[in-house]
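Worksheet: one structure, shown below.
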Amino acid sequence: MQIKEIGKLPSDHADNGFYGQDIISVSQFNRGNLDYIFGVAHEMRVLVERFGSADLLQGKILANLFYEPSTRTSSSFMAAMLRLGGQVIPINNVQYSSVTKGESLPDTVRTLESYADVIVLRHPEVGAATTAARYAKKPVINAGDGIGEHPTQALLDHFTILEELGKVDGLKVAMVGDLKYGRTVHSLTKLLVNYDVEFVFVSPDILRMPEDVLDVVRGSGRRFSVQEDAHGVIEDADVLYVTRVQKERFSDMAEYDRMKDQYVVDEELMARAKERMIVMHPLPRVNEISYAVDTDPRAAYFRQMRNGMYIRMALLAAVLGKA
Ligand code: NCD
């Protein structure tokens, strides 16, 4: 990948391998550069907890372009930029932008990069971030491309496992729910194959993990199983990663209604889980986790959501050459 035209690396910062790069897919990551990003994210956490903010990205501008709804991803990218002293152009309502006049994604991206230093893009089509990155001279960060990938979510998920359980090697990770349309589980699986993880994919048959993702697991030689019953996995899972049934991806609403409440994590299920394990969810939740579970110390989803800001601070600093 070529370094984009964002100027020479500041002389006081060593190249971290991310400077001027797009972040499109988890396939760009390996154990070495993951350790680097997680190390920086941890420093960002300490920085925020001690000082609240810093001026590392002062003078830099992020264009936050969201063609799909978002609460956490868009606001944590904004908060990340603001906490590092940068500024944000938020475009969360594309219906009020020139997109409704028929402007194409390449033209929108070329417009925004003439004002900003980095572009974050969420779009309903698989491959949209790749297209945007091809046209953009500034770095593009994929914040979710349809049912494709959500690399920054996978990084924050992985970081959360590390912060909570101290390691990833040797863990049994069960993913439950909509594994077909859930982009977060696609990216997380492709990222975790770099480690000695055993996967259990739990979903109704029609929402099973896509073959191309299973092929990545097969190619890695990691152990995995595919099943429909969540009760069989709870006793020995170290990570229970729960997902929302992705209503917006269904063409048949009757089918969505049949699928939506198939798995619900409640106190009864948690009573059978290990004492040291975590429940994760990328959020938003609908009914997949009962509110009673929120106060269980093993419920990590709100801490996970906060970790998103630290990971995005690390990524922004890295692509802008300031980490
Ligand atoms: C996820 C997404 O948008 O893919 N949310 C997120 O980014 N935190 C999961 C979802 O919408 O269910």
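Indexing begins at 1, ligand by ligand and atom by atom, following the structure's order. We're numbering straight along the sequence, starting at 1.
Listed as neighbours of ligand 1 are Thr73, Arg122, His150, Gln153, Arg183, Thr184, Arg244, Gln246, Pro282, Leu283, Pro284, each bearing a heavy atom under 4.0 Å from the ligand.
The aromatic rings of Tyr195 and His158 lie perpendicular to each other, with more than 60° between the two planes, well past the 30° mark.
No hydrogens or angles considered: a donor-acceptor pair under 3.5 Å links the side chains of Tyr301 and Asp294.
Take Glu211 and apply the side chain to side chain contact (heavy atoms under 4.5 Å, CB included) test, not counting sequence neighbours, and it matches Arg208, Leu214, Asp215, Arg218. For Asp266, the salt bridge (charged side-chain N to carboxylate O under 4.0 Å, His left out) criterion is met by no residue, not counting sequence neighbours.
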Can I get a per-line list of side-chain donor-acceptor pairs under 3.5 Å for residues 232-247, giving both atom names and the distance, sequence neighbours left out?
residue : atom : partner : partner atom : Å
Glu235  : OE1  : Arg272  : NH2          : 3.4
Glu235  : OE2  : Arg272  : NE           : 2.9
Glu235  : OE2  : Arg272  : NH2          : 3.0
Asp236  : OD2  : Lys172  : NZ           : 3.0
Asp238  : OD1  : Lys274  : NZ           : 2.6
Asp238  : OD2  : Lys172  : N            : 2.7
Tyr241  : OH   : Asp157  : OD2          : 2.6
Tyr241  : OH   : Thr184  : OG1          : 3.2
Thr243  : OG1  : Val176  : O            : 3.1
Thr243  : OG1  : Asp178  : N            : 2.9
Arg244  : NH1  : Glu248  : OE1          : 3.0
Arg244  : NH2  : Gln246  : OE1          : 3.4
Arg244  : NH2  : Glu248  : OE1          : 3.4
Arg244  : NH2  : Glu248  : OE2          : 2.9
Gln246  : NE2  : Arg244  : O            : 3.0

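Taking 4.0 Å as the cut-off between side-chain N and carboxylate O, Lys260 and Glu288 do not count as a salt-bridged pair.
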